[in-house]
K.L.:
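Handing you this structure, nothing more for now.
Sequence positions, counted from 1, serve as the residue numbers for this chain. Indexing begins at 1, ligand by ligand and atom by atom, following the structure's order.
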Amino acid sequence: MKREILLHGIGVSPGIAIGEIFIYQRFLPTYKERELTEEQIPLEIARFNNAIKETEAELKLLKEEIRREMGSDLAELISVQLSLLYDPDLYEATVKYIETKRRNAEYAFSEVLKKYLVPLNEAKTLYFKERIADIMDVSSRVLRNILGIELPSIYEISPGSIIVAHELLPSEAALLDKERVAGVATEVGGKTSHTAIMARAKEVPAVIGIEGLIKKITNIVPKSSKTSLKAVVDGQRGILILSPSEKRLDFYRNEISRIAKQKIYLNSLKSEEAVTKDGKHIDISANIEFVAEAHSAISYGAQGIGLFRTEYLLLARHRPVTEDEQTEIYSEVARVMKPYPVIIRTFDLGGDKILPGYEEPNPYLGWRAIRLCLDNPELFLFQIKAILRASVNGNLKIMLPMISDLKELKRAKEFIEQAKRELKEKSVPFDENIEVGIMVETPSCALLAERFAVECNFFSIGSNDLTQYTLAVDRDNMRVASLYNNLHPAVLNLIKNTINAGHQHGIWVGLCGEFASDPYGIIILVGMQIDELSMIPSVIPLAKKIIRGIDYEFAQELSNEILKMSTAEEVTNYINHRLTHTYPELMKFLTELEAQNYSRNNNKF
Ligand code: PEP
Ligand code: MG
């Protein structure tokens with residue numbers, strides 16, 4: 001009987017999963033080198049071609065499955081792998097290797113692949129790492145088909161598995177199949193990393209940042225062994241339990257049924273209004289990355305899309321996404337959400353999503369988001385024209401990310417005017433009065449918010465980045481994760497300043513960072529007179545429950561008090577105290593529902 005082992009990490013996607021561990025490593029199967037005779041060469045080339053064709057058929061099937069279930073934008077991630085199959089540097093080079101060096105197909109392919117990967121391995125950016133993941137994934141399929149062996153891919157694991165990996169890249173997380181993947185645990189990653197955001201959007205419980213995880217597992221169950229290992233992923237508390245005891249399993253089975261009941265209760269609130277006991281209404285919208293999530297937003301009771309992160313449209317492809325493709329995708333979301341608004345954020349590239357050839361020592365402070373778009377007029381104009389063209393299909397708004405200087409906003413608006421002129425010249429219809437807003441996510445923008453407010457139609461506060469830039473804490477760096485706290489009074493004062501500035505100039509102010517999913521964040525923001533909160537769809541019923549359970553007057557008074565405080569701990573303790581006394585029932589509910597409270601206290605058990 002194995003002893004249970006409890007490992008701590010960061011809970012980034014709530015929920016509990018009990019399942020068998022599947023270790024995901026981007027490795028290739030082993031093979032032997034064989035020298036060929038002259039007559040064997042055509043046979044070996046045929047063997048290689050067959051494997052390529054089989055792989056192509058598998059990928060096409062997978063792509064179709066994904067397209068049906070999750071939409072054409074996500075299926076595009078598989079197109080990248082399909083295009084790699086016939087990449088001349090891999091395909092033709094392998095055929096040539098077999099012919100000239102007279103070596104067996106698996107050996108030839110692997111040797112060519114090694115060479116192909118050298119420049120990518122030397123690159124340090126996530127974009128290249130993602131390409132390596134795609135190449136390794138497709139290559140292991142090819143090798144498996146040459147060798148005729150089973151090698152489970154991340155997309156084909158048995159239902160109920162818990163994926164354990166050193167890291168999951170956003171493209172891999174995007175394709176996680178909820179029907180098969182019960183939970184995820186990784187060694188690296190941060191709370192607001194895009195992989196964490198993806199796991200939450202898919203409602204797959206996830207704990208990340210567990211140091212030395214794979215080694216610990218292979219110490220219990222060696223790789224060669226066929227024995228399976230049971231585990232529990234507790235996304236609320238940020239723990240992974242290997243070989244859980246019967247007592248522990250009983251506890252978690254009860255937890256699962258308790259959470260399921262809560263979910264049913266919360267879901268009964270989804271069509272309710274988000275209005276406080278004393279009548280203050282807040283707009284609740286959803287954050288999405290993919291078209292398919294718009295349906296989920298509606299089903300959870302969202303009254304709009306507050307943030308459509310569009311950069312995945314670019315990262316998913318090997319080639320630029322065309323204006324027509326974008327128009328189609330934005331139109332699809334606009335139609336699903338009509339008459340509700342859809343805020344399309346222009347490409348937020350850079351940070352952890354870097355294009356090839358643009359690696360930087362300090363990417364979050366570098367050529368990111370609006371900075372990169374303004375320097376790439378074609379890319380930016382294509383996107384703006386696509387949004388404008390799609391605007392006839394619903395209620396679309398344009399949102400510009402990472403504005404830190406007024407010049408950027410003014411220049412971006414000039415581009416928007418140019419795009420409008422170009423469309424008019426071609427008599428292409430669009431919404432002439434489309435609103436243009438900005439994300440307030442840099443301290444400079446939050447501090448000078450009143451000067452930005454006169455230049456745009458709305459603000460949406462990006463609390464993830466605003467916290468990172470205000471506290472000088474990398475949002476993806478585990479070592480400093482304990483310093484990353486939305487409740488820091490410096491962050492809260494900037495948020496309040498932004499809301500006040502917006503209102504003084506008659507524009508509405510929303511917040512679309514993870515803070516809008518935090519129960520305490522929701523209460524504080526309501527008190528600060530936020531107009532809109534945007535969050536992952538599954539949190540919407542909880543947000544409604546909280547808003548309906550408090551008084552606006554109480555929230556206002558609470559917000560005023562915490563703005564005077566000096567530390568995040570003081571703020572937390574004060575809210576704990578006030579809620580316990582004023583709304584004991586709600587506090588009890590929230591304590592029980594630590595499930596949704598993953599952004600605080602997630603390491604205690
Ligand atoms: C934010 O920074 O709060 C935000 C919503 O944008 P992203 O997480 O995509 O940077
Ligand atoms: Mg941001």
K.L.:
If the threshold is 4.0 Å, N to carboxylate O, is there a salt bridge linking Arg345 and Glu311?
P.N.:
yes
K.L.:
Name of the Asp465 N, O or S atom nearest the Mg ion (ligand 2)?
P.N.:
OD2
K.L.:
If you look at Glu441, which of its N/O/S atoms is nearest to the Mg ion (ligand 2)?
P.N.:
OE1
K.L.:
Consider ligand 1: state whether an atom of it lies below 4.0 angstrom from any non-hydrogen atom of Arg368.
P.N.:
yes
K.L.:
Suppose I only count heavy atoms of Cys512 and a 4.0 Å limit; which atoms of ligand 1 are within that range?
P.N.:
5 (C)
K.L.:
Between the Mg ion (ligand 2) and Asp348, is there an N, O or S atom separated by less than 2.8 Å?
P.N.:
no
K.L.:
Which is closest to atom 10 (O) of ligand 1 in terms of heavy atoms, Arg475, Glu441, Arg309?
P.N.:
Arg475
K.L.:
State the atoms of ligand 1, each with its element, that fall below the 4.0 Å cut-off from a heavy-atom position in Leu307.
P.N.:
5 (C)
K.L.:
Identify the two heavy atoms, one from Ser391 and one from Asp431, that lie closest to each other, and give their separation to 0.1 Å.
P.N.:
OG-N, 2.9 Å
K.L.:
Could you establish whether Met439 and ligand 1 come within less than 4.0 Å of each other, counting only heavy atoms on the residue side?
P.N.:
yes
K.L.:
Run the numbers on Arg368 and Asp348 for salt bridge (charged side-chain N to carboxylate O under 4.0 Å, His left out), then give the verdict.
P.N.:
CA-CA 7 Å; Arg368 184 184 170 192; Asp348 183 7; 2.9 Å; yes
K.L.:
If you measure from the Lys or Arg side-chain nitrogens to the Asp or Glu carboxylate oxygens, is any gap between Arg479 and Glu211 under 4.0 Å?
P.N.:
no
K.L.:
Taking only heavy atoms of Gly462 into account, list the atoms of ligand 1 that are under 4.0 Å away from them.
P.N.:
1 (C), 2 (O), 3 (O)
K.L.:
For ligand 1, which atoms sit closer than 4.0 Å to a heavy atom of Asp348?
P.N.:
10 (O)
K.L.:
Parallel, tilted or perpendicular: which describes the rings of Tyr312 and Phe290, with under 30° parallel and over 60° perpendicular?
P.N.:
tilted
K.L.:
Does ligand 1 have an atom under 4.0 Å from some heavy atom of Glu514?
P.N.:
no
K.L.:
Side chain, backbone, both or neither: which applies to Met535 and ligand 1 if a contact is any heavy-atom pair less than 4.0 Å apart?
P.N.:
neither
K.L.:
Got a salt bridge between Glu289 and Arg309, using NZ or NE/NH1/NH2 to carboxylate O under 4.0 Å?
P.N.:
yes
K.L.:
How far apart are the C-alpha atoms of Leu483 and Leu471, what are their side-chain angles, what is the distance that settles it, and do they pass the side-chain contact (heavy atoms from CB on, under 4.5 Å) test?
P.N.:
CA-CA 8 Å; Leu483 293 173; Leu471 303 180; over 6 Å; no
K.L.:
Do the charged groups of Arg200 and Glu514 touch, with an N to O distance under 4.0 Å?
P.N.:
yes
